[in-house]
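The structure appears right after this line, and notes come after that.
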Amino acid sequence: MGIVYDKFRGAWLDRDAETYMSCLHTEYEFHLHSNGRKITIANYDVDRILNFMTESEQLHPTCIYENEEILVEHFYTVATDGSCEAVLWSHKLKDGLIWRSQNGCTSLTKEQWDAHPLNQ
């Protein structure tokens with residue numbers, strides 16, 4: 001794992017919104033996979049991040065690759081209704097912080113998730 005990933009993922013797992021926000025560059029942008037919409041750092045605050053942290057569970061997080069320019073991570077999300085997605089995030093880094101993010105998700109049925117090898 002890498003330096004940014006350890007801090008960023010650790011903050012999420014610890015529900016530490018302030019540390020999570022400290023990993024984001026002042027010019028941060030998140031490009032949503034679902035509709036192409038762009039969210040900037042101005043749309044984030046500690047309360048909103050805490051809400052994100054509690055509305056779904058992120059399981060089996062993995063740092064695929066990190067260097068001084070990019071961070072790629074993978075995890076699964078399970079929502080309170082039992083729905084699940086496999087999530088791949090790509091983060092461009094700038095000045096040692098997450099500057100641009102984009103993700104892609106693959107929906108899994110509850111049956112597919114229950115049968116997944118990570119759950120055996």
Side-chain angles (χ1 to χ4, degrees):
M1 290 194 277
I3 295 170
V4 176
Y5 177 80
D6 289 344
K7 184 177 178 182
F8 186 65
R9 180 56 41 206
W12 185 275
L13 296 173
D14 292 340
R15 307 288 196 257
D16 181 351
E18 289 182 20
T19 298
Y20 184 89
M21 295 270 306
S22 76
C23 295
L24 304 178
H25 196 279
T26 57
E27 299 170 0
Y28 178 73
E29 293 180 355
F30 170 40
H31 299 263
L32 282 83
H33 73 282
S34 57
N35 60 15
R37 198 172 101 225
K38 177 177 68 173
I39 300 174
T40 67
I41 191 71
N43 300 107
Y44 285 85
D45 62 39
V46 171
D47 292 333
R48 187 169 190 181
I49 295 297
L50 279 171
N51 186 46
F52 292 151
M53 291 175 164
T54 57
E55 66 185 26
S56 68
E57 188 175 3
Q58 293 184 357
L59 302 171
H60 311 294
T62 305
C63 179
I64 294 173
Y65 184 78
E66 181 180 349
N67 66 18
E68 64 279 347
E69 296 178 1
I70 192 165
L71 164 60
V72 181
E73 64 174 318
H74 182 268
F75 54 87
Y76 297 88
T77 62
V78 179
T80 54
D81 66 2
S83 63
C84 180
E85 290 184 320
V87 182
L88 183 67
W89 277 81
S90 172
H91 308 283
K92 289 182 182 178
L93 305 178
K94 181 178 181 181
D95 304 326
L97 299 169
I98 297 173
W99 176 51
R100 301 281 188 268
S101 298
Q102 187 169 359
N103 70 355
C105 302
T106 301
S107 295
L108 301 172
T109 65
K110 183 174 181 346
E111 293 76 21
Q112 288 171 318
W113 177 243
D114 288 345
H116 195 287
L118 290 173
N119 292 320
Q120 305 306 312

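As the structure is a computational prediction, the values presented were derived from the model and not from experiment.
In this structure a side-chain-to-backbone donor-acceptor pair under 3.5 Å is present from Asn35 to Arg37. When atom types are taken as modelled, the side chain of Asn43 and the backbone of Thr40 share a donor-acceptor pair closer than 3.5 angstrom. With Thr54 contributing its side chain and Asn51 its backbone, the two residues share a donor-acceptor pair below 3.5 Å. Asp45 contributes a side-chain N or O that, together with a main-chain N or O of Asp47, makes up a donor-acceptor pair within less than 3.5 Å.
Closest approach of Gln112 to Ser107, counting heavy atoms only: OE1-O, 4.2 Å. Between Val78 and Cys84 the shortest heavy-atom distance is CG2-SG, 4.1 Å. Contact detail for Arg9 and Pro61: the closest heavy-atom pair is CD-CB, 3.6 Å. Contact detail for Ala86 and His74: the closest heavy-atom pair is CB-NE2, 3.9 Å. Of all non-hydrogen atoms in Gln58 and Leu13, the two that sit nearest each other are O-CD2, 4.4 Å. Smallest separation of non-hydrogen atoms from Gly96 and Val4: O-CG2, 3.5 Å.
With sequence neighbours excluded, no residue forms a side chain to side chain donor-acceptor pair (under 3.5 Å) with Trp89.
No single ILVMFWY cluster, assembled from side-chain heavy atoms under 4.5 Å apart, contains both Val72 and Leu24. Cluster membership check: Ile41 shares its hydrophobic cluster with Leu93, using side-chain heavy-atom separations under 4.5 Å among Ile, Leu, Val, Met, Phe, Trp and Tyr. Placement of Val87 and Leu71 within a single hydrophobic cluster is found when ILVMFWY residues are connected by side-chain heavy-atom separations under 4.5 Å, directly or transitively. Leu59 and Ile64 sit in two unconnected hydrophobic clusters of ILVMFWY residues. Membership requires side-chain heavy atoms under 4.5 Å apart, directly or through other members. Residues Tyr76 and Leu88 are members of separate hydrophobic clusters, defined by side-chain heavy-atom contacts under 4.5 angstrom among Ile, Leu, Val, Met, Phe, Trp and Tyr.
To the nearest 0.5 Å, the span separating NZ on Lys92 from OG on Ser101 amounts to 10.5 Å. Rounded to the nearest 0.5 Å, atoms CG (Leu32) and NZ (Lys38) are 12.0 Å apart. Rounded to the nearest 0.5 angstrom, Asp114 CG and Leu108 CG are separated by 10.5 Å. Atoms CD and CH2, on Glu85 and Trp113 in that order, are 12.0 Å from each other to the nearest 0.5 Å. Between the NZ atom in Lys7 and the CG atom in Asp14 there is a gap of 13.0 Å [rounded to 0.5 Å].
Here Tyr44 and Phe30 keep their ring centres 6.0 angstrom or further from each other. Ring centers of Phe8 and His91: under 6.0 Å apart, within the cut-off. No close placement of the Trp12 and Phe52 rings is indicated, their centers lying 6.0 Å or farther apart.
Using a cut-off of 4.0 Å between Lys/Arg side-chain N and Asp/Glu carboxylate O, Lys94 and Glu27 are scored as salt-bridged.
Two residues are said to be in side-chain contact when any heavy atoms from C-beta on lie closer than 4.5 Å; Thr62 and Phe75 fail this criterion. Counting heavy atoms from C-beta on, the side chains of Ile70 and Ser90 come closer than 4.5 Å. For the pair Thr77 and Glu57, the minimum side-chain heavy-atom distance is 4.5 Å or more.
Figure legend: Arg15 and Tyr20 shown without cation-pi pairing, the cationic atom not lying both under 6.0 angstrom from the six-membered ring centre and within 45 degrees of its axis.
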For this session: Go through His25 and Asp95 one step at a time and tell me if the side chain to side chain contact (heavy atoms under 4.5 Å, CB included) criterion holds.
Result: CA-CA 8 Å; His25 196 279; Asp95 304 326; 3.1 Å; yes
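Counted within 6.0 Å of CD on Glu55, heavy atoms from surrounding residues, nucleotides or ligands total more than 12; the atom is thus considered enclosed.
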